[in-house]
Each structure stands twice: as structure tokens, then as C-alpha cells.
Amino acid sequence: MSTTIRGIDLLRDSSLNKSTAFTDTEKQTLGIVGLLPDVTESIETQFSRVMLQLETKTTDLDRFIYLMSLLETNETLFYHTLMSDPARFLEIVYDPTIAEACLKFDQIFRRPRGMYLSITRKGHIKNVLRNWPVKDVRFICVTTGGRILGLGDIGANGMGIPIGKLQLYTAAAGVPPQGLLPIMLDAGTNNETYLQDPLYLGVRQRRPATEELYAFVDEFVDAVQEVFPNCCLHFEDWNGIDAVNLLARYRHKVSCYNDDIQGTASVTLAGLINALKITGGQLKEQRILFVGAGSAGTGLANLIVSALVDQGVAIDDARKQIRLFDSHGLVVSGRTDLAAHKLPFAHKLPPTKPFNHLDPATEYPILLGAIVDFKPTILIGTSTIGKLFSREIVEGMSALNARPIIFAMSNPTQKHECVPEDAYAWSKGTAIYAGGVQFPPVHFEGWTFLPSQANNLYVFPAVGMAIYATKAKRVTDAMFIEAANAVADQVTPDQLKLGMLYPPQSNILEVEIQTAARVAKLVFDAGLARVNRPKDMVAFIRGHVYKPEYAAELGVETAAD
């Protein structure tokens, strides 16, 4: 491998810097003799030093800040660290630590990463994108910071999310980091706290009207097609209605997907597939109640409908198996305030008050009344209301089901509808539980349960690797359904007995490779690939996996090169 960069500039390039691992020959050739200690260390020795420094940190936020500093100086060592123990490090660089990091993003900011495209540059987005030094960008993860996790509108502070998401592409599925670009599409914020914060890094104006925002996004999407023609757009943490509308606007025109809609749906579907292996039921036999009808809830509902249709269920019958609550009450056909994406699930039922209100007739929560009426076998929370699934709710589900399936999906932890300790205790150990973050084992009456994390991490990096390897022209729901089945298939019967609905994260790279191979096969079958079909799909995926290793010898690129 050769480079035109020499001297101190080389050491400042995190993608090329080996730090103390440069050989003496490299130091001489590259003009860095004396700029480093006069040793040549292995990456394992460097990793030992990283671990020693991490041990001195007292909080996960401090560890996050240290690892981001490592990324800024030595990209290879950063990914070597993450991929050495994914179960340990991914929760530091992403969920749940990323929530605190985003809230304090303007305070812990040190060095820009990715691109910041503000609405003040409208009309010039194409030229701004050309400032990015990498010309073959394969994935852009883009947000407006309008609905970050369960934190709401935090504007430009939400940049931590696309940065972190793209790190998971590499750490979990081995997608090479060079072609990944995080972008903050800064259209302002309605968060008064940040508008008045002297350290705030974003545009100090309120968010524009929908028409103006969509025109800005249109320009951005069109510019990406010209500047980065092989790029897939990953939309992340947009306002719910915008997330739905913009996915519908572009999904049949360009290569794109929305992880909050399709990724969340896929990983939840994977969990349901395995939960039903425990109960012995089939998906077409279930009644599913969603508490929360935003982009995540309706996205999952639609993916379940697609999966049921694939199994031969009529679409209208599939939708009848699903009911949704939003913040104004049960989604029913008599309501005039429903957004378009909720209408397919608006059944002919009496209207109700919001799910967290009490029924004046019974003094029980409205949600409990809906459970008694609908008799759901599956309860899924995407409400971002902490502790919403109270003892009454869990006991109500348990009274109707020998093994109630309860998924509390909201993030961060304080937004969880129910924590696993309560779900197991209130159901007397019968609940099949999944949450949005990883919880420690729960011990209950002599049993040990391993609560599952319905983390998009299992899906979007694998789908990303499949898209990367095949250069897929479009991204389809079928790819996410296949990913769900592939993830579910990798959980063993013994793991299911412990309550595990997803494979261990300690082996996440192999899980993602197997999942990516299944999705890649579907891409080829659908005629969406832009490369030749391989004979061995798993070997094909492995051949694209990034390895966090230093180049054997780094030399100087000559004019002839």
C-alpha cells in the first residue's frame, strides 16, 4: 500500500496512522523518524494500552469520549478494539451511552466528523458534498436531529447518531469504513434550550414548514445521486411523519431505507418469530397490540402484514390482527386526526381516551380495557413512556396468555415501558420479554432469564453489507423480512430455553455475515444486484469484510504510481 502523505500529516490521518506500529523502514521512507517513540509495537500491544486507559475511566460517557478520540487518531486500532469484544464495546459507542453523548454533543465536541449540511446552503448542496475527500461513498446515514431516540428534537446534537450508526456497520458486519459518511442535514431546531445555548453547534433558527424542508431534502437526495452514484441513503431519527413520508417519496426512486421503520420492524419480527417458537404458535394466529403508533410502530405493523401476506393471509385479514394506540387513543376509523400511515389500521371500533388515562367507569387504565377487549397475545411498546406497562397491564396479559409476549422497545432506558425484572415478576416467570437495550440476567424463583435486546444492530449492518457487496439498485421490505428470518434462525433451542430471542452479541460478526449472505441471495434473486452472482454466497460476503489490521508495509506513492 502506498500514500502521497508524509511526515506529521500522515500521523494526523487516522485511516493511515499506525502510531507506534510503524516499522523502522516505514519511518525512514515516510519521514516520521523522531515524530514517534523509537519502537515498533504490534496492534495487540497497542490494544493492551487502550484497555489500560479505558480502565481508568469511571463512566461509560468517559469511555465513549476516549474511544472517539482514539478513532480520530487511529481508525484501525479503534475498530480492532470494538471488534475484539462487541458485546462490551458496542453499548459504549452506541446504545445506551449514545443518548447521553448526544445530549452533551456540543459540550464534548472536539473534532468534526462527517458533514454538516445546513439549510442556509440550499441551492449549493451538490458543491458542498464534493468537499468530502472520499469519492466512492457507499452509505450515507443522515438525520435532521428531529427525533433522536426517545429524546425528541435535539437538533445538531443528534449528529452523534449517524456517526455511531455507521460505526456499527463496520464493527458488527465488517462494512469497510472508508465509504461511510455521516451527515447532519441541519434545518434548525424547535428546542428552545439549544437555541439559547451558546455552545450549540447547529443553525440557530426554528425548523421550516414541511414544504420547505422537503424541497431541501429533495435537493440533497438528487445531489447524492450525482456526486455519489453508488450510495445508499440510510435515513435515521427523523420526525415520525417525515420519516414515513420521505421513505415513501424516495424508496422506489433511489437506493434508500429508514432504519427506524424497516430496521426496527425487522429486528422485532425476528424476536416474534423466536417467541412463537417458544409458545408454539404461528404468526397468523396472533393478535398484536401496539402502544405507540409513530413511524416505528406503524413500520413494524406494516412489515408484519407483509410477512402474513407472504404466508397466504389476505391483507385485510392481516390488518385486523393488529390494533394501534397513539397518544390520542385507539386508532379507529371514526377519528379525523389520523395521519395517512395510520389509516390502514383504523378499525371500526368505538373511540377511546389515550392509553395512559383511567376509564371513568372502571377506574382501570384505558390500556387494560383494550387488552381485555382485544385479548392480544403480543403487546409491543413504542410509546417512549417509561413504566407504562404496569403490574396491572402485565398481569392482564398473563391472565389471557400462558406465555405473554411483551416487547418494551422505547429508548433510552428511562423510556422503557417495562423493565425485565418487573415483566418476569408480575407474570410469575411466564413472560417472553424483549427490550430496546441490553439488560443483565434476571434471577426469579430459582430461574435465570437472559432478557433479549431487540436491537436494530442485528439487522441494518447485515442488510448494509448485503447492499455493499451486491451494489443493490434498491432496498425492499423483502430484504428486511429475510434478515429477520436469518437472525431468528441463528438462535439455538438451548438459548430459547433461557429466554434468548436473538443470538449473542459476542459473536455478532458471524451472525451478520450469515444474515448478509441470506439477504444478498434475495438481492440476486430479485435482479437488483449490479455485480455477477457468486457460487458461494457466504464466501462472497466474507470476501468483502473489513479486517482491522495494519497494511503490511506503507510506502510513498510515486508519480508513476
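Atoms considered below: every heavy atom in the structure, side chains included; atoms not considered: hydrogens, waters and symmetry mates.
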Heavy-atom distance under 4.5 Å between the side chains of Leu330 and Pro351, does that happen here? no
Less than 3.5 Å apart, any donor N or O on the side chain of Glu417 or Ser410 sitting next to an acceptor on the other? yes
is_close_aromatic(Phe235, Trp238), centroid dist under 6.0 Å: yes
Tell me every residue that passes salt bridge (charged side-chain N to carboxylate O under 4.0 Å, His left out) with Lys375, counting only those two or more places apart in sequence or in another chain. none
Between Glu91 and Arg63, does at least one N-O distance fall below 4.0 Å, as a salt bridge requires? no
Within this structure, what is the CG-CG distance for the pair Asp153 and Asp237, rounded to the nearest 0.5 Å? 11.5 Å
Output the distance between atom CD (Gln286) and atom CG (Leu272), rounded to the nearest 0.5 Å. 8.5 Å
Salt-bridge present (Arg391, Asp422; N to O < 4.0 Å): no
Should Lys165 and Asp95 count as an ion pair when the cut-off is N to O under 4.0 Å? no
Is it true that the side chains of Tyr194 and Asp106 contain a donor and an acceptor less than 3.5 Å apart? no
Between Thr377 and Asn401: side-chain donor-acceptor atoms closer than 3.5 Å: no
Mind checking whether Tyr257 and His234 have parallel, tilted or perpendicular rings, split at 30° and 60°? tilted
Any side-chain heavy-atom pair of Ile288 and Pro376 under 4.5 Å: no
Is the closest side-chain donor-acceptor distance between Asn455 and Gln438 under 3.5 Å? no
4.5 Å side-chain heavy-atom contact, Cys102 and Ile154: yes
Could you tell me whether Phe139 and Tyr169 have their ring centroids closer than 6.0 angstrom? yes
For Tyr502 together with Tyr458, are the ring centres under 6.0 Å from each other? yes
SB check Asp186 Arg204 (cutoff 4.0 Å): no
Side-chain donor-acceptor pair under 3.5 Å between Asp259 and Asn456, yes or no? yes
Using a distance-only test with no angle check, is there a side-chain donor-acceptor pair under 3.5 angstrom linking Thr448 and His443? yes
Classify the side-chain pair Glu285/Gln321 by whether it contains a donor and acceptor separated by less than 3.5 Å. no
Is it true that Arg147 and Asp260 have a side-chain N and a carboxylate O under 4.0 angstrom from each other? yes
Any luck finding a side-chain donor-acceptor pair between Arg110 and Ser69 under 3.5 Å? yes
In terms of the angle between their ring planes, are Tyr116 and Phe109 parallel, tilted or perpendicular, with boundaries placed at 30° and 60°? perpendicular
